[in-house]
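Structure below; questions to follow.
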Amino acid sequence: DVTTKCFVTQVLEVLLIRFGFYMMETSVPFLDLFSYTGYKYLGLTINMLCGLLLGHLGYGTSGFYVTFLWTASAATFFMLKTMANNIPTETAAAGPKREIMVLVFAVSQAVSMWFVSQTKFL
């Protein structure tokens, strides 16, 4: 259940980012997108471990959400800086603006982390 959810989310996210690059008429290696978007799983692992550990210590899910805010903001910042460095400043004039797409790519990390972390195990 969790593995399928992660796999489908990862593939859909990479396809949507690839479509965004297509709209800007810019190229990026396909497997690089998988590696950039895959860093969120380290944060998700830390979230789950802290959530389970702090849940057993009596803090409930608040420990999970504090950890989630930290790891989601770290993944968002990583994607923001990575995409800002990988997307050329000159993109298609008719396509979406570069800055908007960089922000959308970055925020997609936090959204996908939240979606994947919604599980019955916490």
Side-chain angles (χ1 to χ4, degrees):
D1 182 43
V2 174
T3 306
T4 305
K5 188 177 183 181
C6 289
F7 179 74
V8 169
T9 303
Q10 178 84 9
V11 170
L12 287 175
E13 185 177 18
V14 167
L15 289 175
L16 288 173
I17 291 173
R18 183 73 172 177
F19 180 71
F21 276 105
Y22 173 76
M23 296 281 295
M24 291 187 296
E25 296 178 6
T26 309
S27 65
V28 68
F30 195 63
L31 292 178
D32 285 359
L33 291 179
F34 274 102
S35 66
Y36 297 150
T37 58
Y39 282 110
K40 69 176 158 277
Y41 294 108
L42 174 65
L44 286 169
T45 303
I46 293 169
N47 293 343
M48 289 298 164
L49 289 174
C50 288
L52 291 172
L53 178 68
L54 294 173
H56 286 295
L57 294 176
Y59 292 104
T61 58
S62 61
F64 169 79
Y65 287 113
V66 168
T67 309
F68 174 78
L69 287 175
W70 179 68
T71 57
S73 60
T76 301
F77 182 75
F78 167 76
M79 188 61 117
L80 182 74
K81 290 300 186 179
T82 303
M83 288 295 127
N85 288 331
N86 285 337
I87 299 174
T89 55
E90 297 295 323
T91 59
K97 297 261 189 210
R98 175 185 181 271
E99 292 79 18
I100 294 172
M101 293 306 287
V102 168
L103 284 174
V104 168
F105 295 157
V107 170
S108 73
Q109 292 300 295
V111 171
S112 65
M113 282 180 76
W114 176 81
F115 177 72
V116 171
S117 69
Q118 300 303 307
T119 179
K120 62 185 176 192
F121 297 113
L122 270 179

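Here the structure is a predicted model, which is why all the values come from computation and not from measurement. Numbers here simply count residues along the sequence, with the first being 1.
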Verify the cluster assignment for Val102 and Leu15: are they in a single hydrophobic cluster under the rule of side-chain heavy atoms below 4.5 Å apart? yes
Could you measure the distance from the CG atom of Leu12 to the CD1 atom of Ile17? Nearest 0.5 Å is fine. 11.0 Å
Option among Thr67, Thr45, Val66, Thr71 that satisfies the side chain to side chain contact (heavy atoms under 4.5 Å, CB included) test with Cys50: Thr67
Do the numbers put Lys5 on top of the ring of Phe115, so that NZ or CZ is under 6.0 Å from the six-membered ring centre and no more than 45° off the axis? yes
With under 30° as parallel and over 60° as perpendicular, where do the rings of Phe68 and Phe64 fit, or are they tilted in between? parallel
Check whether any side-chain heavy atom of Met83 lies under 4.5 Å from a side-chain heavy atom of Phe21, and answer yes or no. yes
With a cut-off of 6.0 Å (strictly less than), are more than 12 heavy atoms of other residues, nucleotides or ligands near CZ of Phe78? yes
What do you reckon, is OH of Tyr41 surrounded by more than 12 foreign heavy atoms closer than 6.0 Å? yes
Can you spot which of Leu33, Thr9, Asp32 makes a side chain to side chain contact (heavy atoms under 4.5 Å, CB included) with Val14? Leu33
Do Val11 and Phe30 belong to the same hydrophobic cluster, where Ile, Leu, Val, Met, Phe, Trp and Tyr are linked whenever their side-chain heavy atoms lie under 4.5 Å apart, directly or via other members? yes
So, do Val28 and Arg18 sit near enough that their side-chain heavy atoms are less than 4.5 Å apart? yes
Which heavy atom of Ala72 sits nearest a heavy atom of Met113, and at what distance? CA-SD, 3.7 Å
Side-chain heavy atoms of Thr37 within contact of Met79, under 4.5 Å: yes
Could you tell me whether the side chain of Leu54 reaches within less than 4.5 Å of the side chain of Leu57, counting heavy atoms only? yes
Path from Leu80 to Val111 over hydrophobic side-chain contacts below 4.5 Å: no
Do Leu31 and Tyr36 land in one hydrophobic cluster if side-chain heavy atoms of ILVMFWY residues count as linked below 4.5 Å? yes
CD1 of Ile87 to OG of Ser27, rounded to nearest 0.5 Å, is 11.0 Å
When rounded to the nearest 0.5 angstrom, what distance separates CD1 in Ile100 from CE in Met24? 11.0 Å
Validation row: Gln10, Lys40 side chains within 4.5 angstrom (heavy atoms): yes
So does Phe105 get a backbone contact from the side chain of Ser108, meaning a donor-acceptor N/O pair under 3.5 Å? yes
Give the cluster check for Leu52 versus Trp70: same hydrophobic cluster or not, with ILVMFWY residues linked at side-chain heavy-atom distances below 4.5 Å. no
Is there a side chain to side chain donor-acceptor pair (under 3.5 Å) between Asn47 and Ser117? Walk through the geometry before answering. CA-CA 8 Å; Asn47 293 343; Ser117 69; 5.9 Å; no
